[in-house]
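Worth knowing before you read on, the calculation uses all heavy atoms, side chains too, and leaves out hydrogens, waters and symmetry mates.
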Amino acid sequence: MVSPTVELLKSEIPLEQESVVLPQDVTGLVLVDISNGFCTVGAGNLAPREPNSQISEMIKESEKLARLFCEKKRPIIGFLDSHHPDKPEEPYPPHCIAGTDEANLVPALRWLENEPNVTIRRKECFDGYLGSTEDDGSNVFVDWVKKNQIKAILVVGICTDICVLDFVCSTLSARNLGFLTPLKDVVVYSRGCTTFDVPLQVAKNTKGALAHPQEFMHHVGLYMAKQRGAKIASEVSFDAPKKL
């Protein structure tokens, strides 16, 4: 059941989604933080405390797309939070500590680590774009786009309004500045994204916590991504590859 607050939000800032057809031979898949630390019940400070249907659907949709991309040998990049214990990511408690299972892909996606078309990038910040920067100034994500001549990216993962949104905003700015040629389209698949849930009453009774209603913030994250220039897809399909 949708709460009256969410219904009001959706009436005040309605989000028009679309059915997007992507070019199969020039599209890359971006997986954002689909790790145990954010998705597996009881896995850490920011993991769900009980099974969550939206997180389960996000994992299911992401796995379906990942298998399709691997079947077609199309490029995938997966960002994973991987923090050092002595470098907190405020305002959040310690999470996804490097070397722990929290920082690894969820079981449904762990097989991706052995696929030749998959790049895994561990990052120490919210934003996968900035988190792809190397010490020499190069950028793993930028290089991935250029090497594979990617013209469209399909983005899925968690959290819609935090790491997904930050990555999308940076990528769109970089595209607009000409840093990501030939990238043109950034598509966020709504059913392949979600965020965490902290109801108001829980936040009131938890020191330092901020209320974070799941469906409300998911909608806000998608709306903000569209404001920045992303396409928000309720459905995605792929056209046939071009014949040489």
Side-chain angles (χ1 to χ4, degrees), residues 29-70 76-115 118-128 131-132 154-168 188-199 202-203 205-206 208-219 221-222:
L29 179 64
V30 179
L31 308 172
V32 179
D33 286 338
I34 311 179
S35 64
N36 291 314
F38 295 123
C39 303
T40 300
V41 174
N45 288 324
L46 296 184
R49 296 290 178 259
E50 58 188 28
N52 183 283
S53 61
Q54 290 190 30
I55 292 176
S56 296
E57 181 181 32
M58 177 274 293
I59 293 173
K60 179 182 176 182
E61 292 297 322
S62 298
E63 181 188 11
K64 186 189 306 181
L65 286 167
R67 291 195 180 279
L68 175 63
F69 272 71
C70 285
I76 298 173
I77 189 167
F79 297 122
L80 290 172
D81 254 21
S82 187
H83 299 291
H84 292 286
D86 58 345
K87 292 183 179 180
E89 187 176 49
E90 296 180 351
Y92 298 100
H95 62 280
C96 298
I97 302 301
T100 70
D101 203 40
E102 268 193 78
N104 291 328
L105 288 164
V106 295
L109 292 174
R110 198 71 185 264
W111 57 274
L112 283 170
E113 295 174 356
N114 299 316
E115 295 296 320
V118 176
T119 299
I120 300 295
R121 175 64 182 184
R122 295 186 179 274
K123 60 185 177 70
E124 297 182 64
C125 63
F126 302 116
D127 186 337
S132 292
L154 179 60
V155 185
V156 295
I158 190 170
C159 296
T160 319
D161 56 313
I162 306 173
C163 293
V164 171
L165 179 61
D166 282 7
F167 165 73
V168 166
V188 179
Y189 177 38
S190 61
R191 290 171 55 204
C193 294
T194 190
T195 191
F196 63 93
D197 189 36
V198 180
V202 173
N205 296 321
T206 305
L210 295 173
H212 193 276
Q214 187 177 37
E215 184 61 26
F216 188 105
M217 297 308 297
H218 176 64
H219 182 85
L222 294 174

At their closest point, which heavy atom of [X] faces which heavy atom of [Y], and how far apart are they?
X: L105; Y: L80; result: CD2-CD2, 3.8 Å
X: C96; Y: A103; result: O-CB, 3.9 Å
X: I76; Y: C70; result: CD1-SG, 3.8 Å
X: P94; Y: N45; result: O-ND2, 2.7 Å
X: I97; Y: P85; result: CG2-CG, 3.8 Å
X: V106; Y: C39; result: CG1-CB, 3.6 Å

Partner residues of [X] under the side-chain hydrogen bond (donor to acceptor under 3.5 Å, both in side chains) criterion, sequence neighbours left out:
X: T119; answer: none
X: D161; answer: T195, H212
X: S82; answer: none
X: E215; answer: K10, Q54

A43: what forms a side chain to side chain contact (heavy atoms under 4.5 Å, CB included) with it, not counting sequence neighbours?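 Side chain to side chain contact (heavy atoms under 4.5 Å, CB included) list for A43, sorted by chain: N36, T40, A47.
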Any chance you could lay out the side-chain contact (heavy atoms from CB on, under 4.5 Å) test for Y92 and D81, step after step, and finish with the verdict? CA-CA 13 Å; Y92 298 100; D81 254 21; over 6 Å; no
Which pairs pass salt bridge (Lys or Arg N to Asp or Glu O under 4.0 Å) with one or both residues in residues 32-54, sequence neighbours excluded?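 As it turns out, the salt bridge (Lys or Arg N to Asp or Glu O under 4.0 Å) pairs with a partner in residues 32-54, which skip direct neighbours, are D33-K123.
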Restricting to pairs with a member in residues 88-110, which pass salt bridge (Lys or Arg N to Asp or Glu O under 4.0 Å), not counting sequence neighbours?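 Every salt bridge (Lys or Arg N to Asp or Glu O under 4.0 Å) pair that includes a residue of residues 88-110, provided the two are not neighbours, is D101-R110, R110-E113.
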Evaluate the side-chain proximity of [Y] to [X]: yes if any heavy-atom separation is below 4.5 Å, no if none is.
X: I55; Y: Q214; value: yes
X: T160; Y: M217; value: no
X: I34; Y: I59; value: yes

List the residues meeting ring-ring contact (aromatic ring centres under 6.0 Å, His included) with F69, not counting sequence neighbours, and say none if there are none.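 Here the qualifying residues are F238.
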Any residue meeting ring-ring contact (aromatic ring centres under 6.0 Å, His included) with F38, in chain and number order, not counting sequence neighbours: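 F38 satisfies ring-ring contact (aromatic ring centres under 6.0 Å, His included) with H95 once adjacent residues are dropped.
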First locate atom CZ of F126, then atom CG of L165, and finally report the distance between them rounded to the nearest 0.5 Å.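 Separation between the atoms: 12.0 Å.
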Output all residues satisfying salt bridge (Lys or Arg N to Asp or Glu O under 4.0 Å) with [X], sequence neighbours left out; order by chain, then residue number.
X: K64; result: E61
X: E57; result: R191
X: E63; result: R67

Using modelled atom types and a 3.5 Å cut-off, is there a donor and acceptor pairing between side-chain atoms of R121 and backbone atoms of G128?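 Between the backbone of G128 and the side chain of R121 there is no qualifying donor-acceptor contact (under 3.5 Å).
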For the backbone of A98 and the side chain of R122, can you confirm whether one donor and one acceptor N or O come within less than 3.5 Å of each other?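 A pair under 3.5 Å: no.
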When V155 is tested against each of V32, L29, L31 for side chain to side chain contact (heavy atoms under 4.5 Å, CB included), which residue passes?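 It is V32; the other options fail the test.
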Do N52 and F196 pass the side-chain contact (heavy atoms from CB on, under 4.5 Å) test, and can you show the C-alpha distance, the side-chain angles, and the key distance before you say yes or no? CA-CA 9 Å; N52 183 283; F196 63 93; over 6 Å; no
